[in-house]
Amino acid sequence: MNVMKTAIKIARCDYYQNEICKGFIECQDNAGVRQIPEPWNGDIENSKILILSSNPSYDSTEEYYPAYNDDDEIIYDYFKNRFNDPKGKNFKSVKFWNTINKWTHWIECIEKGETNADNIIQYHKNKANESALNEVCISEVCHCKSAEQKCVSEYVDKCVNKHLDSVLKCFNGKYIIVVGSIAWNFHDRISSQTKAKVLSIQHPNAYNVNDISRINDFITQLKHLSINLIIQ
């Protein structure tokens, strides 16, 4: 699989350019800035974990974001090195990316054999200032950017049928974490296209869900997927 070719195909998606997914265009035009579809963030070929959520968030005030007319190499380098690029948004200022960092530390701790949720939470607290995002790639089932998931339900099937399988073929890592109800709808399709262990987790904004319940759910799923854990 030519990873760069896949990324550029998504970033220059003809559905977006020909306004087939016109709802996203209208949302972005109303805010005054068009932003190309986002293939993923991170080194998908070499990441241990792939996060799949609904769609990337749109921010018209973002200081730097590649444009459609930029060279392929510039576009690809931006997304591949998003977490290390000084021109990109600092991940430490983005709540969702910090949450991903936390989940990555949880999995790291669980793999060491820990199954006590309080100990896993403390493990992350001890490493909270250490970025684990070099182990993570973040992508979506719908690649066009919008605020608050606007238009996703209308167009997600088109985007999944056009791009999801090729994204999964680029990933060689160990875990895929499917985040939120929109992405969950494609859990079976994701599982059928990968050798990775597919986990699910509720969206960070889900009501009345705390870290302990999330961790225990992770542990249950990992046990089901035959991860060797030392029961404390």
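This chain uses plain numbering: 1 for the first residue, then up along the sequence.
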Please tell me whether Asn30 and Glu26 have a donor and an acceptor in their side chains that are separated by less than 3.5 angstrom. no
Discussion item. A quick test of your reading: do over 12 heavy atoms of other residues, nucleotides or ligands sit less than 6.0 Å from NZ of Lys22?
Written reply: no
Would you check if there is a donor-acceptor pair between the side chains of Asn210 and Ser213 at a distance under 3.5 Å? yes
Check this for me, if you would: do Arg34 and Glu19 make a salt bridge, where the nitrogen-to-carboxylate-oxygen distance has to be below 4.0 angstrom? yes
Correct closest heavy-atom pair for Cys142 and Cys159 would be CA-SG, 3.7 Å
So that I can tick it off, tell me whether Asp211 and Lys102 are bridged by a salt bridge, with the cut-off set at under 4.0 angstrom between side-chain N and carboxylate O. yes
- Going through the distances and angles, do Tyr155 and Ile20 end up as a side-chain contact (heavy atoms from CB on, under 4.5 Å)? CA-CA 9 Å; Tyr155 298 110; Ile20 292 171; 5.9 Å; no
Subject >> Val198 and His187, any side-chain heavy atoms less than 4.5 Å apart >> reply: yes
Minimal heavy-atom distance between Tyr58 and Lys145, with the atoms involved, is CB-C, 3.8 Å
Separation between CD (Glu62) and OG (Ser57), nearest 0.5 Å, reads 8.5 Å
- Message: Do Asp14 and Asn18 pair up side chain to side chain, a donor and an acceptor below 3.5 Å, judged on atom types alone?
- Response: no
Can you confirm whether Leu168 sits close enough to Ile176 that some side-chain heavy atom of one is under 4.5 Å from a side-chain heavy atom of the other? yes
- Message: So that I can tick it off, tell me whether Glu73 and Lys80 are bridged by a salt bridge, with the cut-off set at under 4.0 angstrom between side-chain N and carboxylate O.
- Response: no
Review point. Can Val156 be reached from Ile25 by stepping across I, L, V, M, F, W or Y side chains whose heavy atoms are under 4.5 Å apart?
Key: no
Output for pair (Ile74 CD1, Asn69 CG), nearest 0.5 Å, gives 11.0 Å
Problem set entry | Ile107 vs Tyr175, side-chain contact (heavy atoms from CB on, under 4.5 Å): CA-CA, chis, key distance, verdict | CA-CA 10 Å; Ile107 289 178; Tyr175 302 107; 3.7 Å; yes
Keeping the roles fixed (side chain from Asn172, backbone from Glu45), state whether a donor-acceptor pair exists under 3.5 Å. yes
Notebook entry, point to check: Is there a donor-acceptor pair closer than 3.5 Å between any side-chain N or O of His105 and the backbone N or O of Glu130?
Noted result: yes
Return yes if some donor-acceptor pair links the side-chain N/O of Gln35 with the main-chain N/O of Asp59 below 3.5 Å, else return no.
-> yes
Can you tell if the side chain of His224 reaches within under 4.5 Å of the side chain of Thr220, non-hydrogen atoms only? no
Taken to the nearest 0.5 Å, the spacing of Asn41 CG from Ser139 OG works out to 8.0 Å
Does one side chain, of Ser54 or Gln149, offer a donor that lies under 3.5 Å from an acceptor on the other? yes
What one should report as the nearest heavy-atom pair of Pro204 and Val179 is CD-CG1, 4.0 Å
Looking only at heavy atoms, the pair that brings Ile215 and Ala117 closest together is CD1-O, 3.8 Å
Polar side chain donor-acceptor pair, Asp217 to Gln221, under 3.5 angstrom:
yes
Taking every heavy atom of Val33 against every heavy atom of Ser60, the minimum-distance pair comes out as CG2-O, 3.9 Å
_When you measure from the side chain of Thr194 to the backbone of Ile190, do you find a donor-acceptor pair of N or O atoms at a distance under 3.5 Å?_
no
In this structure, CG of Leu133 is separated from OG1 of Thr104 (nearest 0.5 Å) by 6.5 Å
*asked:* Less than 4.5 Å apart, side chain to side chain, heavy atoms only: is that true for Asp157 and Phe186?
replied: yes
Do Trp103 and Val136 make a side-chain contact, defined as non-hydrogen atoms from C-beta onward lying under 4.5 Å apart?
no
Presence of salt bridge, Lys127 and Glu108, under 4.0 angstrom = yes
Check: Asn161/Arg189 side-chain N/O donor and acceptor closer than 3.5 Å: yes
task = Decide if the gap between the ring center of Tyr78 and the ring center of Tyr65 is smaller than 6.0 angstrom.
result = yes
With side chains defined as the heavy atoms from C-beta onward, is the minimum distance between Leu225 and Leu199 less than 4.5 Å? yes
_Any donor-acceptor pair under 3.5 Å linking the side-chain atoms of Asp43 with those of Asn46?_
yes
Walk me through whether Glu140 and His163 qualify under side-chain contact (heavy atoms from CB on, under 4.5 Å). CA-CA 10 Å; Glu140 326 282 342; His163 296 303; over 6 Å; no
Minimal heavy-atom distance between Ala196 and Phe171, with the atoms involved, is CB-CE2, 3.9 Å
When rounded to the nearest 0.5 Å, the distance separating CD1 of Ile36 from CD1 of Ile75 is 4.5 Å
Can you confirm whether Ile138 sits close enough to Trp40 that some side-chain heavy atom of one is under 4.5 Å from a side-chain heavy atom of the other? no
Is a side-chain donor or acceptor of Ser47 paired with a backbone partner of Ile49 at a separation under 3.5 angstrom?
no
Subject >> Verify same cluster id: Trp184, Val152 (apolar side-chain graph, 4.5 Å) >> reply: yes
Next item on the list: For the residue pair Ile110 and Ile219, establish whether any side-chain heavy-atom pair is separated by less than 4.5 Å.
Entry: yes
d(Ile10 CD1, Cys144 SG) to nearest 0.5 Å is 10.5 Å
Apply side-chain contact (heavy atoms from CB on, under 4.5 Å) to Leu50 and Ile177, showing your working. CA-CA 6 Å; Leu50 175 63; Ile177 302 177; over 6 Å; no
Practice task
Measure centre to centre between the rings of Tyr16 and Phe24, then say whether the value is under 6.0 Å.
Solution key: no
For the residue pair Tyr123 and Trp106, is the inter-centroid distance of their aromatic rings smaller than 6.0 Å? no
